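Since this is a predicted model, take the numbers as computed values, not measurements.
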Amino acid sequence: MTANEPLTILVLGSGGREHAMALCAKQSLRCARLLVAPGNAGMPGERFNISADDVQGVVALCKAEHVDLVLVGPEAALAAGVVDALLAVDIRAFGPTQKLAQLESSKAFTRLLADELGIPSPRYGAFAKGQVNEAMHWWKTLDTKVVVKQSGLAGGKGVVVPVSAKETEMAIAGACAIGEVVIEECLRGPEVSLIAMCDGTDAVLLPIAQDHKRIAEGDLGLNTGGMGAYAPVETPYSSAELCATFIQPVLDYFVAQGTPYKGVLYAGLMLTPDGPRLLEYNCRFGDPEAQVLLSLLNTDLIEIVLACVAGTLRGISVKLKSASALAVVLVTANYPSDPRLGDVITGLGIEELQTNVFHGGTECREANIVTSSGRVVTVVGVGATLGVARDYAYKRAERISFAGSYFRRDIGWRAPAASLTSYSSTGVDIDEGNRAVELLKESVASTSTDKVLRGVGAFGGALDVSFLKEFDHPVLVASTDGVGTKVELASRTGRVRGTGHDIVNHCINDVLVQGAKPMFFLDYLASSRIKAELVAEVVAGMSAACADSGCVLLGGETAEMPGVYVPGAFDIAGTLVGVVERDQLLPRNGIAPGDVLIGLASSGPHTNGYSLLRKIFEWLPLEVAPPPLTRPLIDALLEPHRSYLQLLAPLLTDTRLKALVHITGGGLIENIPRVLPRGVSARVVLGSWPTPPLFALVEQLTSLGTDELYRTLNMGVGMVLIVGARDATTIQEMIAEESWLIGELCSSVGAADEVILQ
Ligand code: AMP
Ligand code: GLY
């Protein structure tokens, strides 16, 4: 046979693992013809109904069909000597000989060998069939819990991890009645599968994988043949380290014995607090690890296998996808104890990128595919991250159904924790938070007075309010608010300082309309990720606004909430407390039909309507100024919410001022009625004040009705005063800026107080 001659390849076995191997063989440039025995309903290739461990049958098949290369899937075929028989008739076979396969078929053999080679292992005792007393005695001399194992092959089901002394006794008695027994100290820690393809002297290591052997989520319940797996697994140890400890010594030993080990060598390891320990060796790919690992392979599997068989592994480079893969195994009802078989399976045929569906216990019956053994199919997702791979796998798994089907929803559940090394790796950076506090201290200090007894850094702010004794009857007025989605524009453009003004001034206006002047403010700033400079900038805005109004910034909270806020987003809220003499509380009594409404200009949309505004201008670059705007759109949008405190302070004690209305969410329409007595309505005359350019542009662009528009935006009026008609001119003169008579109060026609736009 010449070097690159196309090959007839036979894959032995019938599980998901063998399906994955057969798929790789089928895709190999070296494969001219693919045979599988006995195969399943999904495997590619021609099926021959010969059991994988029927040594004579396999040899006869290979001769009859001129098979060049045999890939052996299951351990039973290796233990039966199928490789020996094939090599004897000059047929290349990938797998260890019967003698070497004892590494898997006899746990007692393996434990002795590991002792000899100094491979880190649990303490153990090996006992012949029937040596119950000796085994019990050994267990009782041990100071820890144990695991009881049948030494021979048991399809992953020969291991008992007893929880009580009684269960241990029963397990030992039960196992000793069956055959040779190994009892081991029970170790703790995550398990990993270290799988290498070996050519006698060298090994190619595949990514470290993790199997999930127990039937129930959270790794509870009976051991199974494997319910799912993923790779690569993050471990504290490098693959090279683990290979040097658990794989290479075995290869070296068998070379020295004159019987080089060719095939897969799989070390089942437990990563204990004292270091990795050997649980077992297997002589073949794991199932479902193979489905995962072969899905990550970027080199022709057959080329690797041929190099292993020829002893030339060193000459080839094995490439892996830089991706993660995760496998979910769908099993039958009552697996593993008493799998129910023969149920029709649907949803197998759908082809999807990034997923592979590998058949295991499936058979064709008439036009259907039905379940034929406990582990029915393995669904593998491949993705750039394990999370993506997991999503693919589960979405695909959901689409396959058969009566009583079951799969674990937690495959890979240890991975998120294993990749965490610090709190900051979750996205919460305490150091950055502390830096933010350092940066903002100075601006906050600018609002402080000698009345502040505890400020930034204390568990709570403390303010000496003995000055309230000067009041006849002090009333505290408090307001909490947020800036809303204006913050999105601010974070997008990096212009965040104004949002600090927004929140403080919004709160000031809310207490102002009850006649109160601000005393102190507390803020809350939350973001996906703290950026100290951004926090400091926002707080500088708050401090400046507080200082302008003689308000103390008494404290606050900076929260980092990755996964709650989208990356880059932040949100601000605040609480302001003000004080007013009880008899100066607004609104005053006596609001009546005939009173007039005086409007004061807003500085922009303030903090309302931004979800609408962001939508309206979604596709417009923020720096342009379409007419009638006379400045860049973003400047108009981010103009801070103004405070009316200084403008209106001289009026607060003037009894001619009957009420103030802060035009916030709900606009003129919903805010004016908040101060109206029953039976009184307001008439607002549209056009009685100039519409600022931004609102005019919005009016042009949208097809919102007038009511809708005036309910969402302030449309240029940020504060409304209610005064008696005859006082209007005097009051307007007392206001140090332009104001407009925008309407009047009238008697309600119906039952409801309302605002009529005319
Ligand atoms: P084995 O077939 O030897 O790998 O055992 C099957 C499963 O039993 C392992 O994957 C572990 O979950 C568990 N197991 C085996 N040996 C031990 C041990 N010494 N300590 C703790 N758990 C073990
Ligand atoms: N997945 C474990 C095994 O194949 O033994």
Side-chain angles (χ1 to χ4, degrees), residues 475 477 508-517 580-603 606 642-692 695 706-707 709-711 713-758:
V475 172
V477 179
I508 285 177
N509 294 338
D510 277 347
V511 303
L512 179 69
V513 296
Q514 319 214 50
K517 290 185 181 164
V580 57
E581 283 287 6
R582 184 169 174 160
D583 60 7
Q584 302 293 344
L585 256 179
L586 290 176
R588 293 193 168 88
N589 292 330
I591 296 174
D595 289 347
V596 297
L597 306 173
I598 300 171
L600 295 176
S602 62
S603 50
H606 287 177
R642 65 177 292 198
S643 153
Y644 295 92
L645 176 67
Q646 274 166 26
L647 191 65
L648 297 178
L651 283 175
L652 293 178
T653 49
D654 193 315
T655 50
R656 288 171 295 183
L657 175 67
K658 297 190 177 180
L660 287 174
V661 182
H662 185 200
I663 308 305
T664 71
L668 291 161
I669 295 181
E670 286 179 13
N671 283 292
I672 293 174
R674 293 164 80 163
V675 299
L676 298 183
R678 284 184 73 83
V680 179
S681 289
R683 232 181 250 128
V684 172
V685 182
L686 299 181
S688 57
W689 72 93
T691 307
F695 297 105
T706 306
D707 263 23
L709 204 55
Y710 280 73
R711 200 186 291 281
L713 299 168
N714 65 52
M715 296 307 286
V717 173
M719 181 67 77
V720 171
L721 291 70
I722 300 180
V723 298
R726 93 172 78 84
D727 300 324
T729 316
T730 326
I731 295 287
Q732 277 189 284
E733 278 165 9
M734 289 172 72
I735 301 170
E737 69 173 44
E738 195 181 0
S739 62
W740 308 282
L741 268 183
I742 64 164
E744 60 180 2
L745 301 186
C746 54
S747 299
S748 302
V749 180
D753 305 325
E754 53 188 346
V755 173
I756 304 143
L757 301 176
Q758 290 186 322

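- The minimum heavy-atom distance linking Ser602 with Tyr644 is given by the pair CA-OH, 3.4 Å.
- For the pair Val723/Asp595, no side-chain contact is recorded, criterion being any heavy-atom separation below 4.5 Å from C-beta on.
- Ala728 and Ile598 make their closest contact through O-CD1, 4.0 Å (heavy atoms, listed as atom of the first residue, atom of the second, distance).
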Kindly determine whether His606 and Thr664 satisfy side chain to side chain contact (heavy atoms under 4.5 Å, CB included), including the steps that lead there. CA-CA 8 Å; His606 287 177; Thr664 71; over 6 Å; no
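- Between Val511 and Val580 there is no side-chain heavy-atom pair separated by less than 4.5 Å.
- When each of Arg588, Glu581, Arg582 is tested with Gln584 by the rule side-chain hydrogen bond (donor to acceptor under 3.5 Å, both in side chains), just one qualifies, namely Arg588.
- Residues Met734 and Asp654 meet the side-chain proximity criterion, which asks for heavy atoms closer than 4.5 Å.
- The CD1 atom of Ile672 lies 13.0 Å from the CZ atom of Arg683; values are rounded to the nearest 0.5 Å.
- Considering CG of Asp727 and NZ of Lys658, their distance stands at 8.0 Å, rounded to 0.5 Å.
- Proximity of a side-chain donor or acceptor of Ser748 to a complementary backbone N or O of Val680 within less than 3.5 Å is detected.
- In terms of heavy-atom proximity, Ile742 sits nearest to Val717 at CD1-CG1, 4.4 Å.
- With values rounded to the nearest 0.5 angstrom, Leu651 atom CG is found 6.5 Å from Leu721 atom CG.
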Could you go step by step and tell me if Val513 and Leu586 meet the side chain to side chain contact (heavy atoms under 4.5 Å, CB included) rule? CA-CA 6 Å; Val513 296; Leu586 290 176; over 6 Å; no
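- Trp689 and Tyr710 have perpendicular rings, their planes meeting at more than 60° on a 0 to 90° scale where under 30° would count as parallel.
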As a quick check of understanding, evaluate side chain to side chain contact (heavy atoms under 4.5 Å, CB included) for Leu668 and Met715, giving each step before the final call. CA-CA 9 Å; Leu668 291 161; Met715 296 307 286; 5.6 Å; no
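- Between Leu600 atom CG and Glu738 atom CD the span is 10.5 Å, to the nearest 0.5 Å.
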Residue pair Leu512, Met719: steps toward the side chain to side chain contact (heavy atoms under 4.5 Å, CB included) verdict: CA-CA 10 Å; Leu512 179 69; Met719 181 67 77; 4.2 Å; yes
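- A donor-acceptor contact shorter than 3.5 Å is absent between the side chain of Arg674 and the backbone of Val661.
- Rounded to the nearest 0.5 angstrom, Leu757 CG and Ile669 CD1 are separated by 4.5 Å.
- Considering all non-hydrogen atoms of both residues, Arg642 and Asn509 come closest at O-ND2, 2.9 Å.
- Residue Leu745 comes nearest to Leu676 through the heavy atom pair CD2-CD2, 3.7 Å, listed as atom of the first residue, atom of the second, then distance.
- A donor-acceptor pair under 3.5 Å is absent between the side-chain atoms of Asp510 and the main chain of His662, judged by distance alone.
- Taken from CG in Leu741 to CD in Gln732, the straight-line distance is 4.5 Å, to the nearest 0.5 Å.
- Heavy-atom minimum distance, Pro593 versus Ser747: CG-OG, 3.5 Å.
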